Structures are given as C-alpha cells and as structure tokens.
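Working notes, beginning with the structure itself.
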Amino acid sequence: MKKLFWFLDINYEAKKGKPEIWIWGIDDQDDRVLIVDRDFPAYFYLVLKEGQNPQKLIDVVNSRKAAEFPSVVKLEPGQRRYFGKTVDVVKVYCREPDVIAKYGKAVAKIEGVKESLEDDVRYAVRYIIDNNLSPCGWHEVEVEEEKNDLDVQVDKLYIAKSRPKSVEKTGVPKLRILAFSTIAYSPKGAPKADKNPVVLISVRSNAGEERQFVAKNSDDKSVLESFVNYVRDFDPDIITGYGTNRQDWPYLTVRAKKQGVKLLVDRADTEPHMSVYGHVSITGRANVDFFDFSDELQEVKVKTLENVADFLGVMKSEKRTQIEEIEFSTHWEDPKKRPTLLRFSSENSRSVMGIAEEMLDFAMQLSSLVGLPLDHVGTAAVGFRIESFLMREAYKIGELIPKRVERPYIPYVGAVVLAPKPGLHENIAVLDFKAMYPNIMIMYNVSPDTYVPQSDPEPKAGVNIAPEVKHRFRKEPPSFYKEVLSSLITSRDQIRPKLNRLDPKSSEYKVLDARQKAVKVITNAAYGYAGWTGARWYVKPVAEAATAWGRHIILSTVDAAKKTGLEVVYSDTDSIFVNNDAEKINNLSEKARKEIGLEIKPDTIYKRILFTEAKKKYAGLLPDGRLDIVGLEVVRGDWASCAKNVQEKVLEIILKKKAPDEATEYVRQYIAELRRKRIAYKDLIIWKTLAKPVEEYEVKAPHVEAARLLLNEGWELSMGDKVGYVITVGSGKLYEKAKPYFLTSYDKVDVEYYVTNQVVPAASRILTMFNIPEDRLLPSKDMKLLTDFRPKD
DNA sequence: GCATGAAAAATACCC
DNA sequence: ACGGGTATTTTTCATGCG
C-alpha cells in the first residue's frame, strides 16, 4: 500500500547485524508512524588514478575480500564528476554502514587508487541525500504494515517496500508540541547535577495545557517520574525548551541516573543521548532547543529566555515575574516566596511555547531546505547547514562530495569601505546591489568546479577572469554554484509576490515567509562558505574572485554615480549613499544594469543622516520618524545601557531638532542623575562574551576576572556565555574592580567610571561633530536637577 | 622607577 | 567551526628620561 507521511525524525539501528533506517513520521490520518527500511545499501567511492582499469581494481578488492573486506557486497564501476572533472570510480557497497570509513581508508592505499570519497557520509545522511528526502516535508512510500513488536510508541509500524519520495504537498500536520522548563535547587551557589535536585518542572502543551511537577522535601525522584509519565502520556512530536541541549537534558540525565529513574521520554524505549553537533537526540521525537536559533535574532544582545521572548513579543499581556538564578534557593526555601518561583517557572514554559510559535516555521523550513532533521538543524553551525544543502545538490548532478580536510588559514582581500563624509546630510538614498556576491558568482560562473588553476590550459569555451587577482573560471558549463544559487534566488522571487496576496496573520503566510527567510539565509551565506577553510568545497580563489569582482563593481558604480552628478557620501561593500535625486538615480541604475549586468536600487531613504569620521557607524532619520542607528554604541551589546540610552537620546535631539545645545544639556542632566545613583542598577551592567575558557586568556580583562569570581562561587560558565559585570569603587586596574552584577550591589558601584568611560565617550562621539568638547558634558557641582524623586535600586 | 605611547588582545559590529 | 573590514577599549610591553 501507498503511505503518505510527514518526516519528523530519522535514525539508524543495527538489528541482528543488519542496518535499518527508521523514519518517524505523521501520516495524513494524523497517525504517528514508523517506517522501517531494511534495504538501503551503505557505500563509498574509490576514485581511480587516470588510465586505470576499473575491472583490475575490482579484482584486487575481491581477491582480498575474505581477509580484509568481508562486508563488501558489490563493486560497481562508473563515472562521476569531481570538481567538475569526469573521473572513473568504483562504487563499493557494504553490508554494514559502520565499516565504510575503515574500508575507505584501507582501499585508498591500493595501487591505482587515487583516493576514497564519501566514506565520511553518515548512513542516515546518505539516506536523506540519495532519496532527496525533506525533513519536515511530505513523502510517499510503498509499505507493508507489520505488527509492532519493536516496542515503539507509534500508531502504525510499516516496512518500506520502496524508497520514500518527496511530494508536493505543503502544510504541517497537527503536531503535539511540549514546552518544558526546569528549576534545580541548591542551598548555596549554582546547582550541581550530582547532588542538587530538580525541584520543579513546568510543562506546557500547544493545546494550552499546563502542568507543574513539584518536589516534596526536595526529593526529585517523583518529579522525574511524573515528568517521564507525562511525556509518554502526552506523546509529543516536538519537545522544546530554551537552553535544554546544554542545560536541562544533561542535568535531567544525571538526576535520573542518580535516582534510578529511567528517562524514557522517547518513542523507542531508550533514553536521551548526545548526538552530532552537540544536540540531544530523543528518538522518534524532535528535540528543539530555541536557544540554538537565537543567533538569528541579531538585535537581542544577551540571549536569555526573557530577552528573546520579549523581543518576539511573546507574553505581552502581562508583567513578567523576574527571578535571578541566585535567588532560586531562597524562593524555594521560603513558603511565602515559593508560589512566585512556581509562577516564574510556568511563565518560562509559556515563553518557550510562545517562541516556538514564532520560530518553529523557520526552523522547519530551514530543516527541509538543507536536509538536516529538525532536531539537528538548530545546533548545526551556519557552515554545516550550507554544506548539508550543497551535499544534496551535488548528489543530484553526480558531483562527488569532497572530504573534510584540515587546511591552513590564508587571509585574502575582501570588500571596500569608503570613508564617509562626516556631518549631517539631508535626504540621502541608499542604493544597493541585492545579493551581490551570489549574483557575481552566477554571472561569472564562479564555483569550485569551474575554477581553472594557473597551470591548466584555457578551456575551449573560454574563461571569465577576475580583476586584480586574475583567477580564471570556465564560462561553460553552468557551474555548481550557479545552478544552486540561481534556483535559490528564483524560488525566493516566486515566494515574494505570493506573500503580498496573503494575510500576514495566516498560517500560510507564516510558512511561506519562513521559507523565504530560510532561502535567503542560505543564499547569502554561500560566499562565506566558499572562503571557509573548513568547507568541503573550499577553494580560496572562488571567494577571492567574488570579492575582487565586488570591489570592481562597487568602485565603478561610485565612479558612475559621480559622473551622473550624484554626491557619494558613503559606501560599504555593495551599497552607496547618495543625495536622493530620483532622476540621477534612475540614470545610474539604468547604466549599472546595462554595463555591469546587476541591479542597483534605492533601498532606505534617510530624511537626514549623521556620519562621524568612522566607517560602519552612522545614524539616520527615517521618513516615518524612527531612527536607524548603525554600528554606534547604541546598537552594541558591550556598552552599559546608561551610555546607550544617552547616546540614543542625543542622536534623537540632533537628528530631529538639530539642537546640539539641547543634547548637551540633556547629557549634563543625565550625568548629574547618574552621580546621585538615580539611574537604574541594571543600566550599569556591562555584558561581554566569554569567547574561550577562562584559563586561556592572555590578558586580565574585566569580564574575564568577573567570570573567574563566578567560577569560584561554583557557577558554571562555558564558551559563548555572556558575563554581566559592574565596575565598583576601589584602587588598581579596571579588571580588579569588575564584579558580577549579582554578587555586588549599587552602593559599591563606581559611578565616576560610568561618567568618564561610558556616558561621556558615547555622547561625545556624536557631540564632537558639533564642536562640543567633552568637558562641556560634565555638570557643574551646583547643578539643579529637573527631576527630584527618591532613589530607586 | 615611572610616565608615555605604541602594540597586542579582545570584542562586537557592518555588509 | 561561514568571509574580510573596521572601530574601540583595556592591558601589556618597550622606551627613554635623568
């Protein structure tokens, strides 16, 4: 019979020495199904040296089969492409997927064999690639129903009688989604899984059901058991949380072991386990940690659950309960405070569900586009997402997948940035080339498979030669990147008009918009991937040529703009800022289309814009009255809010009223308030990322010393964590005065540091442009305050 | 021994 | 664990003074 199903998860099992692919899905009857494919061969390729006879090599492998390669079941000669060149290969089929890495290595040493390829492609990945499956997409497969004697939690179990095939059907079945959040308790310091219990687990389903499992007498055995029972009972397709891959799951795993509870939350009667890219795998369900998608939200600087939820406008109807981690213990211990902790935890699980509602579509579209299962795609770094996408595309055109190899890093020249004309400018248009690098690669056929090394003769069809660097790329046939990027751009162009016809609140709109975003992310990252030394398809000249053409294009555009009579006040990479003269702009864009072959169009219009001397920093007033602030302290996460708020206000006064004196007065007032400690404590916190383990730092930096204090108190910190600190009074170096904000208090804060090193520099950056020296920003001693309220902390 | 300034380390931004 | 270009702060180191 034919079965239609939506792809949720995939895993590989070895049953009695025979590999099985298990695909977990949901069918069009809303049944949860497991489809088992027992008939998919593992394989890798041998690439032959030029002029070798494939049959000879097949004979050699066969003769050594009994001793060395017992798992080989078939050897098949053929041809593939490798970096655009046709090569002779032998496809080596093996009974067990686990041997291919080992066999590949051994067989590569045989005389006449150049190398082995694709022996580093995992079995389940292989299955997705070869069958062109789309995670989070619909498929059709010929199946036979089988009795469920595998003890898996599904409605139906099927054996695949054909390979699944992706079908056009859109939409997502009615999924059961479970959000959860946990709270652990330790009397002092950060909770440690080996001794401190999980006293509270809050769950929330997408049907709106809310539950809390609360420990009695700080014993978490029943909490764990109830949680496991609830999960099994609710049987979610997606289990989601925030920070669960790094925090909750590992913690729960240790607690469960400690308490002798089996954490059987999956559909196959096994416990959660670590999988590739540092994600926790829960067989048969998708474990999605939205912290892994928080990079997408560049505006959110400190990626806490609260900040992300607030940014997305989740939980807007109510005031949030805020409890610092350090206060969990007192809240748990105090019967009066405990209800607040329970409320806090419940709000957390609701925030997670809210975030899921906002971001799950994107996660699914990305998963479906790049071919990584939903639970993997979040933890995979950008480079691996693209690579996964490219591996699928390569298979379709018979291009072999290069091995991952370590290479030295050699820098190359990137884009041009022109010095801005400092000061205020009125009515400025930003013209930019849309998707410049992808379009360059398409136009000049720039790709790993079309690159012609210096030593190679020029191909018949001719070459495109990059300016400056002189790298050559075959004009024909259409390159790998060209095909891939063109189809991405086309698919996005097809989505956009559809969006205009839909209600932005409809689910159809949300899905399409998410698709469009996923496509954009992948398209834009292709250039960066090309220049990444870790890439399988790394070819430095590809990235180097793209930027060389980019420089050439933007510089000739700047030139043309000037000739047309436009004044260019700034330019960065693919954009030029000019006076908003519609006719001249039209001329220019017409000229660019004809002479360069790329489209340059007005994007943003600024009623007024301010540049300082610095590149990559400016602030503009938009037609609707909003400010667009770029690069300045206001948009940086590593400045205290007090400095950012003041700078923003200064910019607003300058851009809207052109009143530097008023702005100066504002700063003076603010500083007077700050010196009286009337500015909120949280506005003094400076957040910085811990980019490596504390021990590896070569210098004593404030945030590193603050991190050290946290570690001494038993808090856990790892790479990528943000450290929030304040500067306290005292003598010596700055790093000696930096303290984690929740281990000190306002009365110890050195407000003069914030005046001198935060507020004044941030304000001065702008006001210097209007000849206002720093000392004019400092209030006189007897300055009267406009406001007079009691200090708050 | 110490002030001074340049260099290095570190971070976060822009596109 | 996608690129290079850029600004900025703080620490660290080298230098020269007397």
Side-chain angles (χ1 to χ4, degrees), chain A residues 276-278 295 298-299 301-302 379-390 404 406-407 409-420 430 432-438 521-538 540 542-548 550-551 554 570-577 603 612-618 628-640 643-644 686-692 696-705 719-720 722-723 727 732-738 753 756-758 761-762 764-765:
Chain A
V276 283
Y277 305 127
D295 310 353
Q298 310 247 220
E299 297 91 333
K301 306 297 171 181
V302 182
T379 47
V382 178
F384 294 111
R385 293 179 187 171
I386 299 199
E387 192 149 272
S388 175
F389 174 75
L390 289 176
R404 190 177 298 291
E406 264 194 71
R407 306 187 182 80
Y409 163 71
I410 305 158
Y412 64 90
V413 184
V416 273
V417 187
L418 299 187
V430 183
D432 58 18
F433 287 103
K434 293 270 170 290
M436 188 171 78
Y437 289 145
V521 163
I522 296 302
T523 311
N524 288 344
Y527 151 74
Y529 173 83
W532 173 41
T533 54
R536 288 177 189 263
W537 275 282
Y538 173 74
K540 198 179 73 154
V542 168
E544 211 168 18
T547 60
R551 293 192 297 277
I554 200 70
Y570 181 56
S571 164
D572 182 351
T573 311
D574 56 0
S575 68
I576 63 170
F577 291 53
D603 180 34
T612 65
E613 309 270 339
K615 297 172 176 180
K616 298 191 183 275
K617 288 173 196 249
Y618 53 87
D628 184 24
I629 300 172
V630 179
L632 291 161
E633 281 75 3
V634 175
V635 297
R636 292 183 63 99
D638 57 348
W639 282 74
K644 306 205 295 179
I686 299 166
W687 293 92
K688 276 205 166 81
T689 307
L690 211 55
K692 49 187 171 188
E696 286 176 26
Y697 279 87
E698 294 182 34
V699 296
K700 297 200 166 193
H703 72 296
V704 181
E705 293 312 297
M719 244 173 68
K722 291 262 193 225
V723 182
I727 300 302
K733 292 282 191 189
L734 195 61
Y735 61 76
E736 296 172 85
K737 297 187 280 185
Y753 170 82
T756 318
N757 295 52
Q758 293 280 328
S764 191
R765 186 101 52 227

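This one's a predicted model, so the numbers in the text were calculated from it and none came from an experiment. Proteins get letters first, then strands, A, B, ... in listed order; numbering begins at 1 in each.
- Contacts of A:Val413 with the nucleic acid, taken as non-hydrogen atoms under 4.0 Å apart, involve only primed sugar atoms and P, OP1 or OP2.
- Here the nucleotide nearest the side chain of A:Pro411, chosen from B:dT11, C:dG4, C:dT8, is C:dG4.
- Using a 4.0 Å heavy-atom cutoff across all strands shown, A:Val704 reaches no nucleic acid atom at all.
- In this structure, the CD atom of A:Glu736 is 9 Å from the P atom of C:dT11, given to the nearest Å.
- Between A:Lys540 and C:dG3, a side-chain N or O to OP1/OP2 separation shorter than 4.0 Å is absent.
- At B:dA9, none of the side-chain N or O atoms of A:Tyr735 fall inside 4.0 Å of OP1 or OP2 (strictly under the cut-off).
- Here A:Phe389 lies out of heavy-atom contact (under 4.0 Å) with every strand.
- The side chain of A:Thr547 contributes no N or O atom lying less than 4.0 Å from OP1 or OP2 of C:dG3.
- Taking atom NZ of A:Lys616 as the reference point, atom P of C:dG5 lies 9 Å away to the nearest angstrom.
- Taking atom CD of A:Glu698 as the reference point, atom P of B:dA10 lies 5 Å away to the nearest angstrom.
- The phosphate of B:dA10 (OP1 or OP2) has no side-chain N or O of A:His703 nearer than 4.0 angstrom.
- Rounding to whole angstrom units, CD1 of residue A:Ile554 and C1' of C:dG5 are separated by 15 Å.
- To the nearest angstrom, P of C:dT9 lies 21 Å from CD of A:Glu705.
- A cation-pi arrangement is not found for A:Lys737 relative to A:Tyr753, the charged atom failing to lie both closer than 6.0 Å to the ring centre and inside a 45° cone about the ring normal.
- Closest approach to the A:Ala381 side chain among C:dT12, C:dA1, B:dC13 is made by C:dA1 (side chain taken as heavy atoms from C-beta onward).
- Atom CD1 of A:Ile727 and atom P of C:dT9 are 14 Å apart (whole Å).
- Contact annotation for A:Tyr538: no contact, since no heavy-atom pair falls under 4.0 Å across all strands.
- One interatomic measurement links the two molecules: CD of A:Glu299 to P of B:dC14, which rounds to 10 Å at whole-angstrom precision.
- OP1 or OP2 of B:dA10 has at least one side-chain nitrogen or oxygen of A:Lys692 nearer than 4.0 Å.
- Distances shown here put a side-chain N or O of A:Arg765 below 4.0 Å from the OP1 or OP2 atom of C:dT8.
- The side chain of A:Tyr753 lies closest to C:dT10 when the candidates are C:dT10, C:dT8, C:dT9.
- OP1 or OP2 of B:dT11 sits under 4.0 Å from a side-chain N or O of A:Tyr697.
- For A:Lys722, a side-chain nitrogen or oxygen approaches OP1 or OP2 of B:dA12 to under 4.0 Å.
- Between A:Tyr618 and B:dC13 there is no side-chain N or O to OP1 or OP2 distance below 4.0 Å.
- Distance NZ/A:Lys301 to NZ/A:Lys722: 8.5 Å, rounded to 0.5 Å.
- For the pair A:Glu387 and A:Arg404, the salt-bridge criterion is met [side-chain N within less than 4.0 Å of a carboxylate O].
- The A:Asn757 side chain lies nearest to C:dT10 when the options are C:dT8, C:dT10, C:dT6.
- Taking the side chain of A:Trp532 as heavy atoms from C-beta on, and the options C:dT11, C:dA1, B:dC15, the nearest nucleotide is C:dA1.
- Considering only side-chain atoms of A:Leu734, the nucleotide from C:dT11, B:dC14, C:dC2 that sits closest is C:dT11.
- In this structure, A:Ala691 reaches the sugar-phosphate backbone alone: every heavy-atom distance under 4.0 Å involves primed, P, OP1 or OP2 atoms, never a base.
- Closest to the A:Asp638 side chain, of the nucleotides B:dC15, B:dC13, B:dA12, is B:dA12.
- A:Gly528 comes within contact range of at least one nucleobase, with a heavy-atom separation under 4.0 Å.
- Among the heavy atoms of the strands lying under 4.0 Å from A:Trp639 are primed sugar atoms or P, OP1, OP2 only; no base atom is included.
- Here the two rings, on A:Tyr618 and A:Phe577, have centers that are under 6.0 Å apart.
- Contacts of A:Arg404 with the nucleic acid, taken as non-hydrogen atoms under 4.0 Å apart, are absent.
- Listed nucleotides: C:dT10, C:dA7, C:dT12. Nearest to the side chain of A:Lys733: C:dT12.
- Residue A:Ala543 is classed as having no contact, given no heavy-atom separation below 4.0 Å to the nucleic acid.
- Atom CG of residue A:Asp638 and atom NZ of residue A:Lys688 lie 5.0 Å apart, to the nearest 0.5 angstrom.
- When heavy atoms are screened at a 4.0 angstrom cut-off, A:Asn524 is found touching no nucleic acid atom at all.
- Distances were taken from every side-chain heavy atom of A:Asp572 (C-beta onward) to each of C:dT12, B:dC15, C:dT10; the shortest belongs to B:dC15.
- Here A:Lys615 does not pair with A:Asp572 in a salt bridge; the nearest charged N to carboxylate O distance is not below 4.0 Å.
- In this structure, A:Lys700 places its NZ atom 12 Å from P of C:dC13, rounding to the nearest Å.
- For C:dT6, the OP1/OP2 oxygens have a side-chain nitrogen or oxygen of A:Lys615 closer than 4.0 Å.
- Within 4.0 Å (heavy atoms only), A:Gly534 reaches no atom of the nucleic acid at all.
- Judged by distance alone, with hydrogens and angles left aside, the side-chain atoms of A:Arg407 form a donor-acceptor pair with the main-chain N or O of A:Ala535 at under 3.5 Å.
- Here the nucleotide nearest the side chain of A:Lys688, chosen from C:dT12, C:dT8, B:dT11, is B:dT11.
- The aromatic rings of A:Tyr527 and A:Tyr437 are tilted relative to each other, their planes meeting at an angle between 30° and 60°.
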